[in-house]
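For reference, the structure discussed in these notes is given below.
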Amino acid sequence: MAEAYCKSYYAASANGTGQFSRLEGEVDCDVAIVAGGFTGIATAVELAERGVRVVVLEANRIGWGASGRNGGQVTGSLSGDKAMERQFRRKLGDEAADFVWRLRWRGHDIIKNRVAKYGISCDLKHGHMQAAYQSSHIGELEEMYRLACAHGMGDEVEMVYGADLHQYVGTDIYHAGIVNRRNMHLHSLNLCLGEAEAARSLGAQIFTDTPVTKIVHGDRPEVVTEKGRVRADKVLIAGNGYHHLAPGKLAGMLFPATLGIVATEQLPEDLARRVLPQDFAVYDTRFVLDYYRLTADRRLLFGSGTNYKGTQSRDIGAPMRPAIVKTFPQLSDVKIEFAWEGQDGITINRIPQLGNVTANVFYAQGYSGHGIATSHIIGEIMAAAITGDSRDFDVFASAWHWRLPVGRYLGNRALALGMWYFQKTEALR
């Protein structure tokens, strides 16, 4: 039996929960996609637009996992950008830096165009600020500002210092910020549901409450579910931190981290304007950061910290409230109405993992906290590779990834120890 959506703000305000049936019986298609989050659904749209017969198999509901539980920020940040540049040089040479720079913004265009093309209602808004939590972080933002200007984004970015920050955020805890008007924020579950409807309108078959039990490899792989099976020419495994398929190939490469998010009660309009005067989204410059924005109905949606052990919290809201009040003392009496968690897929070098289990079974995973924009880029890349253009896929597939020779339990604890080291190092800067 499929699990219901978690008790999140997104689920409570969804535009309908996507009425899809369970697979019972046998289906034949060109491409079978395992998992109905952003990676699977974005790839399904891309393939269906190309006339490919697509079947999507989701164990629970569309957007049930991290795609419907995140902070809703679409930004040009790539946590593994430097590692990407180094590794992509194997395929691209001196063009690697420009390739990575274009990756930062490629997902924005895909999402904007798709929302417009299919009339998806997902509260899409432009405007974001990355804020320097420590004065030692200002130089990093200034370098990003110079880089953006050098790439022709001078009219979309702005450096802000001191009291001028109050134009964008009602707090005194930051030292500077880079304002970015290309970045966006949105209702992530409604985007995923809207894209699923778009894929269905193009002929894709989408089944929910349909966990995949195994993949039988061969010239035409078979994806086996509890009550049916799908025969396909090619298969894409797109479950990220939630699946356990292909353990021989993918073991020790990806580790789930647990992110907690809360949403407050609705704020009076004047208070909402004091908190975020221009309705921009914000995150700070720490390695493990705070991120927040206003929802369409004026709630503060706030995420703070990450549990790299991958375990669930007993009280999600408890560690959030001090972080909210530290940032916005004016919200000390505001109630938290929603609190939920999701699992993000973390790779050790922070580079997304694209590759093959066999020649006709692909996988795509590991966005390390930057999944909305990145998953849409990967959806475009995977659709191209599956239909014969593997240029960008080959760049990602050429990257070398750490593989820990332990299970997820020990792997997550090793990851947590590494993150603790980086946090302590950062605090000493």
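No hydrogens, no waters, no symmetry mates; every other heavy atom, side chains included, goes into these values. All values derive from a computational prediction rather than experimental measurement.
Formation of a donor-acceptor pair under 3.5 Å by the Thr43 side chain with backbone atoms of Met382 is not found in this model. With hydrogens and angles disregarded, no donor-acceptor distance shorter than 3.5 Å links the side chain of Asp344 to the backbone of Asn70. Between the side chain of Arg61 and the backbone N or O of Thr208, no donor-acceptor pair lies under 3.5 Å. Side-chain atoms of Asp284 come within 3.5 Å of backbone N or O of Asp290 as a donor-acceptor pair. Formation of a donor-acceptor pair under 3.5 Å by the Arg403 side chain with backbone atoms of Lys249 is found in this model. Remark: side-chain polar atoms of Arg298 are paired, donor with acceptor, to backbone N or O of Leu267 under 3.5 angstrom. Side-chain atoms of Tyr363 do not come within 3.5 Å of backbone N or O of Gly239 as any donor-acceptor pair. Here the side chain of Gln353 pairs a donor or acceptor atom with the backbone of Met253 at under 3.5 angstrom. Within the 3.5 Å criterion, the main-chain N or O of Gly228 finds a donor-acceptor partner in the side chain of Thr225. In terms of modelled atom types and a separation under 3.5 Å, the side chain of Thr213 and the main chain of Glu226 share no donor-acceptor contact.
In terms of heavy-atom proximity, Ser8 sits nearest to Trp340 at CB-CD2, 3.4 Å. Taking each heavy atom of Ala96 and Glu85 in turn, the nearest pair found is CB-O, 3.7 Å. When all heavy atoms of Gln19 and Arg200 are compared, the closest pair comes out as O-NH1, 3.0 Å. Val45 and Leu202 make their closest contact through O-CD1, 4.2 Å (heavy atoms, listed as atom of the first residue, atom of the second, distance). Considering every non-hydrogen atom in both Ile237 and Ala246, the closest pair reads CD1-CB, 4.3 Å. Closest non-hydrogen pair, Tyr168 versus Leu276, comes out as O-CD2, 3.6 Å.
Atom CH2 of Trp402 has 12 or fewer neighbouring heavy atoms from other residues, nucleotides or ligands inside a 6.0 Å radius. Within a 6.0 Å sphere centred on CZ of Arg273, other residues, nucleotides and ligands contribute 12 heavy atoms or fewer.
The CZ atom of Arg114 sits 7.5 Å away from the CD1 atom of Ile120 when rounded to the nearest 0.5 Å. To the nearest 0.5 Å, atoms CG (Asn360) and NE2 (His217) are separated by 8.5 Å. Between the CD1 atom in Ile348 and the CZ atom in Arg350 there is a gap of 10.0 Å [rounded to 0.5 Å]. Taking CG from Leu331 and CD1 from Ile336, the interatomic distance works out to 10.0 Å, rounded to the nearest 0.5 Å. Rounded to the nearest 0.5 angstrom, Leu354 CG and Phe396 CZ are separated by 6.5 Å. Arg69 contributes atom CZ, which lies 4.0 Å from atom SG of Cys6 (distance to the nearest 0.5 angstrom).
Contact annotation: the side chain of Ile206 never approaches that of Glu58 to less than 4.5 Å [non-hydrogen atoms, C-beta and beyond]. Looking only at side-chain heavy atoms (C-beta outward), Val357 and Val235 stay at 4.5 Å or farther from each other. Looking only at side-chain heavy atoms (C-beta outward), Val54 and Ile33 come within less than 4.5 Å of each other. A 4.5 Å side-chain heavy-atom check between Leu141 and Ile138 finds every atom pair outside the cut-off. With a 4.5 Å cut-off on side-chain heavy atoms, His166 and Asp172 count as touching. With contacts defined as side-chain heavy-atom distances shorter than 4.5 Å, the pair Phe38/Glu195 qualifies. Side-chain contact between Asn183 and Trp105 is present, with at least one heavy-atom pair separated by less than 4.5 Å. Counting only heavy atoms from C-beta outward, the side chains of Tyr291 and Ile261 approach each other to under 4.5 Å.
Taking the side chain to side chain donor-acceptor pair (under 3.5 Å) definition, one finds that Arg182 meets it with Glu156, sequence neighbours left out. Shown here are the side chain to side chain donor-acceptor pair (under 3.5 Å) partners of Thr39, two or more places apart in sequence or in another chain: Tyr367.
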Val74 vs Leu186, test: side chain to side chain contact (heavy atoms under 4.5 Å, CB included). Steps then yes/no.
CA-CA 8 Å; Val74 183; Leu186 49 75; 3.7 Å; yes

Using the rule given for side chain to side chain contact (heavy atoms under 4.5 Å, CB included), can you reason through Val334 versus Leu300, listing the C-alpha separation, both sets of side-chain angles and the distance that settles it, and then say yes or no?
CA-CA 10 Å; Val334 170; Leu300 182 70; over 6 Å; no

Would you sort out whether Tyr174 and Thr285 count as a side chain to side chain contact (heavy atoms under 4.5 Å, CB included), showing the intermediate values?
CA-CA 10 Å; Tyr174 303 128; Thr285 50; over 6 Å; no

Give the C-alpha distance, both sets of side-chain angles, the deciding distance and a yes or no for side chain to side chain contact (heavy atoms under 4.5 Å, CB included) between Asp81 and Arg104.
CA-CA 9 Å; Asp81 54 350; Arg104 293 181 180 277; 2.5 Å; yes

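For the residue pair Ser13 and His187, a side-chain donor N or O sits within less than 3.5 Å of a side-chain acceptor on the partner.
Each side-chain hydrogen bond (donor to acceptor under 3.5 Å, both in side chains) pair with one or both residues in residues 117-131, not counting sequence neighbours, appears once here: Glu49-Lys117, Glu49-Tyr118, Gln73-His128, Lys125-Asp279.
Note on ring orientation: taking the six-membered ring where Trp is involved, the planes of His151 and Trp101 are parallel (angle under 30°, cut-offs 30° and 60°).
With salt bridges taken as basic N to acidic carboxylate O contacts below 4.0 Å, none links Glu265 and Lys335.
Ring centroid separation for the pair Tyr292 and Phe302 comes in under the 6.0 Å cut-off.
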